[in-house]
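One structure coming up, written as structure tokens, with questions to follow.
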Amino acid sequence: MQLDQPWVYIVLVGLLIVVYAKIIPRKSEGAAKPDGAIVKEMEQAMDHLAMELEEQNKALIELFSGTKQTYEEHTAKLTSRVETLEKQCQELRLELGRLTLSEEQRRLSLQADASKPGEALGAGAGAAVTPAYREPAAPDKQPEAVNKAPMNMKERYSELFGLYESGKSTDYIAKKLGMNKGEISLIQQLAKQEERSNA
């Protein structure tokens with residue numbers, strides 16, 4: 001039995017007062033009972049009180065242990081759900097990075113392919129090829145592809161990299177350019193990969 005809780009002391013004091021109040025009138029009536037009988041009654045009352053307190057203490061301990069077990073189960077479920085969500089989020093980020101990278105590589109290869117036919121046509125045929133035999137150009141697209149090399153990421157997103165190099169935060173850049181933060185970080189990663197491949 002644990003006696004370190006304040007309410008236990010209050011109950012004990014109250015019971016002692018009740019027992020004492022019952023004993024005093026009997027003594028004043030003529031001390032009909034001997035001292036041994038009074039002591040026995042007090043012992044019985046104290047034993048009864050101790051049993052009740054022990055039962056209440058056990059009930060409280062069971063309640064607390066049940067609550068603790070429920071809390072631990074709930075915490076374990078939440079932890080496993082958080083771990084699952086973090087794994088899914090990481091997988092989705094990797095998949096998005098792969099898709100965006102493959103899309104960027106496909107676009108760059110299409111730009112490179114668009115610039116190669118004009119170069120091969122000019123170099124292989126020489127002066128004998130006349131403009132009548134050239135492939136029809138898409139409006140405003142093939143002349144740029146023939147005349148200009150494909151732009152790298154820093155040239156394409158010069159404003160973004162200018163803001164980044166001047167020390168602006170990703171939030172500021174996203175608001176300024178109307179882009180989301182994931183897109184900005186992806187562009188920065190692609191630019192780093194492009195620099196590594198060119199180096």
Side-chain angles (χ1 to χ4, degrees), residues 1-104 157 160-161 163-193 195-196:
M1 182 175 70
Q2 296 181 356
L3 296 174
D4 58 347
Q5 292 149 350
W7 63 270
V8 173
Y9 294 115
I10 294 169
V11 171
L12 282 173
V13 170
L15 284 173
L16 285 174
I17 291 171
V18 169
V19 170
Y20 188 69
K22 286 185 177 182
I23 292 171
I24 288 175
R26 288 179 185 171
K27 277 188 176 180
S28 62
E29 286 172 1
K33 289 188 178 180
D35 290 337
I38 294 171
V39 170
K40 277 187 180 180
E41 282 184 8
M42 285 184 69
E43 285 177 356
Q44 287 176 354
M46 293 299 286
D47 287 341
H48 184 66
L49 173 66
M51 283 172 30
E52 284 183 357
L53 287 174
E54 195 169 347
E55 286 174 5
Q56 289 177 0
N57 203 9
K58 283 180 184 176
L60 281 172
I61 290 169
E62 287 174 5
L63 177 68
F64 284 131
S65 63
T67 307
K68 184 181 176 185
Q69 186 178 0
T70 306
Y71 172 75
E72 287 174 353
E73 288 172 0
H74 187 63
T75 306
K77 284 179 185 176
L78 288 176
T79 306
S80 65
R81 285 174 70 185
V82 167
E83 288 174 359
T84 306
L85 288 173
E86 283 177 351
K87 285 179 184 175
Q88 288 176 351
C89 183
Q90 190 175 8
E91 289 170 3
L92 287 172
R93 281 182 186 162
L94 290 172
E95 187 65 27
L96 178 65
R98 275 192 233 113
L99 288 173
T100 311
L101 184 60
S102 62
E103 181 65 27
E104 189 65 27
Y157 299 100
L160 185 148
F161 286 103
L163 289 169
Y164 181 72
E165 288 168 5
S166 68
K168 301 296 182 191
S169 69
T170 308
D171 290 332
Y172 177 81
I173 297 170
K175 287 178 186 173
K176 176 90 175 166
L177 301 178
M179 303 166 81
N180 60 39
K181 289 189 270 187
E183 190 177 356
I184 290 169
S185 60
L186 184 63
I187 289 168
Q188 290 171 347
Q189 288 174 359
L190 289 171
K192 286 177 187 174
Q193 289 176 356
E195 285 176 3
R196 281 191 221 116

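Side chains included, hydrogens not; waters and symmetry mates left out as well; all remaining heavy atoms used. Predicted model, so just to flag it, every value in this text is computed and none were measured.
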### Query
Can you find a pair of side-chain heavy atoms, one from Gln193 and one from Arg196, that are under 4.5 Å apart?
yes

### Query
Does the side chain of Gln188 come within less than 4.5 Å of Tyr157's, by heavy atoms?
no

### Query
Distance from Leu12 atom CG to Leu49 atom CG, nearest 0.5 Å?
5.0 Å

### Summary
dist Leu85:CG -> Leu92:CG (nearest 0.5 Å) comes out at 10.5 Å

### CG-CE distance between Leu15 and Met46, expressed to the nearest 0.5 angstrom
8.0 Å

### Query
CG of Leu177 to NZ of Lys168: how many Å apart, nearest 0.5 Å?
12.0 Å

### Query
Any sub-3.5 Å donor-acceptor pair from Thr100's side-chain atoms to Gly97's backbone N or O?
no

### Task
Nearest 0.5 Å please: distance from the OG1 atom of Thr170 over to the CG atom of Asn180.
11.5 Å

### Query
What pairs of residues pass the side chain to side chain donor-acceptor pair (under 3.5 Å) test when at least one of them lies in residues 77-96, not counting sequence neighbours?
Glu95-Arg98

### Message
When you compare the side chain of Val11 with that of Glu52, does any pair of heavy atoms fall below 4.5 Å?
### Response
no

### Message
Surrounding CE of Met179 (heavy atoms of other residues, nucleotides or ligands, distance under 6.0 Å), is the total greater than 12?
### Response
yes

### Query
With sequence neighbours excluded, what pairs up with Lys181 under the salt bridge (Lys or Arg N to Asp or Glu O under 4.0 Å) test?
Asp171

### Task
Would you indicate whether Tyr164, at its atom OH, is surrounded by more than 12 heavy atoms from other residues, nucleotides or ligands within a distance under 6.0 Å?
no

### Query
CD of Glu183 to CG of Leu96: how many Å apart, nearest 0.5 Å?
10.0 Å

### Message
Enumerate the side chain to side chain donor-acceptor pair (under 3.5 Å) contacts for residues 59-75, please, sequence neighbours excluded, ordered by first and then second residue.
### Response
none

